[in-house]
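All values below were derived from every heavy atom in this structure, side-chain atoms included, with hydrogens, water molecules and symmetry-related copies excluded.
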Amino acid sequence: MNNLRKRTALFFEGNGEYRKAGHYIDIFLISLIMINVVAIVLESIASLAHQYKHEFLMLELGSVIIFSIEYLLRLWSCVERIEYKNLDCDNFQRRLKYLLSPLALIDLMAILPTLLMMFITFDLRFLRVLRLLRVFKLTRYSRAMQLLLQSFRDESSSLLAAFFIMAVVLILASCGIYLIEHDIQPDKFGSIPAAMWWAMATLTTVGYGDVVPVTPLGRFFGGVITLLSMGMVAIPTGLLASSFSEQLRKRRIMFSDAVHEYLHDGELDGKLDNAQLEHLENLRCKLGLSKQEANKAIKSQLSARTKNLYCRHCGERQD
């Protein structure tokens, strides 16, 4: 049983001998998710929903069955994954920890709306939106989404600080425009909460134009807020961009370090055996690096290793 569970974990992770099979199942699941998203969007058209009601229902039921089987198998085999296997707890606690992980919650969201529909009556529009959240399952297979989520986690404190400052500016802008414009436009700036719509549109530089100040002082105040908003919006954007770039750099360094370790422990001619190449390939897939990036890292380490084998003055091989 443990052997079957381990093989199931390797199958879903796409490691070792199951790398190709894991790759094919990933392609299948990605295709199924995209088909579901397209179907949910088309189902919002009343004529299509009525004409192809049976086909939409069969697709939904089939997809939920497949996603449910995937979810249960991942839950059953997660205790064999390295990050959970090394935890000092029993299998129940390991599975509970996996259940609370972001990817497991996303997998649950993919099947929960349809399962709840069997017991609770939902507004079809509300249910359709919930089912559309299934697109987040692509996070498991998308390198870019994984990097973005990791960037959010790493920069969470900085982002919270930036949003706190933006919230303070939002309140100040709302209070200021309320004091200036509420006598002239009581229907639009009659209260601070009502003025927050204008402040939010201005701070985000969207500028819908449905609520605008008309007094000279109000327009001047609006211009000042607009200038401030340019810098405010750039803060979280800059944080995420730098963190995204840093995540890419860390993954490349991690792969290069693994190559360097193998070459350091290996022969002096700097060759990698099949087992080492297999491990590096698994690591490349796990880190989400392209083959070009991996080959570049290997060649770079091989070149550095070769240079260190020979004296730069006389060219003789060093022992």
Side-chain angles (χ1 to χ4, degrees), residues 1-19 21-26 28-30 32-33 36-37 60-120 122 126-127 129-160 243 247 250-251 254 279 282-283 285-288:
M1 181 64 70
N2 288 344
N3 189 35
L4 176 61
R5 191 169 60 192
K6 185 176 182 180
R7 283 185 293 176
T8 303
L10 289 173
F11 177 78
F12 280 111
E13 292 301 311
N15 289 333
E17 60 182 307
Y18 298 99
R19 188 172 66 248
H23 179 66
Y24 291 140
I25 196 66
D26 285 351
F28 170 74
L29 290 173
I30 290 172
L32 184 60
I33 294 168
N36 269 263
V37 171
E60 178 64 19
L61 292 177
S63 300
V64 169
I65 291 173
I66 293 173
F67 291 145
S68 299
I69 293 173
E70 178 206 4
Y71 179 76
L72 293 175
L73 287 176
R74 286 185 183 275
L75 177 62
W76 175 63
S77 63
C78 70
V79 295
E80 298 295 335
R81 293 171 56 177
I82 296 176
E83 60 265 39
Y84 297 105
K85 193 173 184 178
N86 294 333
L87 294 176
D88 187 18
C89 56
D90 57 25
N91 286 345
F92 175 79
Q93 291 176 315
R94 293 189 181 107
R95 290 193 173 98
L96 183 60
K97 189 173 181 64
Y98 171 76
L99 280 174
L100 298 176
S101 65
L103 290 178
L105 292 175
I106 290 173
D107 288 341
L108 182 61
M109 282 195 305
I111 60 176
L112 196 58
T114 303
L115 296 178
L116 289 177
M117 185 178 61
M118 300 177 183
F119 307 100
I120 305 174
F122 277 101
F126 180 69
L127 178 64
V129 171
L130 287 180
R131 286 165 52 204
L132 198 56
L133 296 178
R134 199 167 288 170
V135 71
F136 286 107
K137 274 181 68 69
L138 292 175
T139 304
R140 185 184 292 279
Y141 316 104
S142 171
R143 173 196 181 194
M145 287 297 292
Q146 291 174 8
L147 288 173
L148 184 60
L149 289 177
Q150 187 61 45
S151 298
F152 273 110
R153 284 193 288 265
D154 290 350
E155 300 295 336
S156 58
S157 59
S158 300
L159 288 172
L160 285 175
S243 181
Q247 290 300 323
K250 285 180 179 179
R251 294 191 176 207
M254 190 181 299
H279 183 272
N282 290 333
L283 181 62
C285 295
K286 183 178 180 180
L287 295 176

Within a strict 4.5 Å, meaning less than it, do heavy atoms of the [X] and [Y] side chains meet?
X      : Y      : result
Val64  : Arg134 : yes
Leu112 : Tyr71  : no
Leu103 : Arg74  : no

State which residues pass side chain to side chain contact (heavy atoms under 4.5 Å, CB included) with [X]; sequence neighbours excluded, sorted by chain then number.
X      : result
Met254 : Leu287
Ile66  : Phe28, Leu29, Leu32
Ile65  : Ile69

Out of curiosity, [X] [atom1] to [Y] [atom2], how far, rounded to the nearest 0.5 Å?
X      : Y      : atom1 : atom2 : result
Leu108 : Leu75  : CG    : CG    : 10.0 Å
Ile30  : Ile25  : CD1   : CD1   : 10.5 Å
Gln247 : Asp154 : CD    : CG    : 4.5 Å
Phe92  : Leu99  : CZ    : CG    : 8.5 Å

With Ser63, which residues qualify under side-chain hydrogen bond (donor to acceptor under 3.5 Å, both in side chains), at least two apart?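 By the side-chain hydrogen bond (donor to acceptor under 3.5 Å, both in side chains) rule, Ser63 matches Asn36.
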
Which residue pairs pass the salt bridge (Lys or Arg N to Asp or Glu O under 4.0 Å) test when at least one of the two sits in residues 89-114, sequence neighbours left out?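 Sorted pair list: Asp107-Lys137, Asp107-Arg140.
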
Could you list the residues that satisfy ring pair (Phe, Tyr, Trp, His ring centres under 6.0 Å) with Tyr98, not counting sequence neighbours? Tyr84

Between Leu105 and Leu100, which heavy-atom pair has the shortest distance, and what is it? CD1-O, 3.8 Å

If you take all heavy atoms of Ile33 and Val135, which pair is closest and at what distance?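 Looks like CG2-CA, 4.1 Å.
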
Is there a donor-acceptor pair under 3.5 Å between the side chain of Arg5 and the backbone N or O of Ser77?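 Side chain of Arg5 to backbone of Ser77: no pair is present.
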
Under 3.5 Å donor-acceptor, Ser156 side chain and Arg153 backbone: yes

Under the criterion side chain to side chain contact (heavy atoms under 4.5 Å, CB included), I'd like the reasoning laid out for Ile106 against Met109: C-alpha separation, chi angles, the key distance, then a yes or no. CA-CA 5 Å; Ile106 290 173; Met109 282 195 305; 4.2 Å; yes

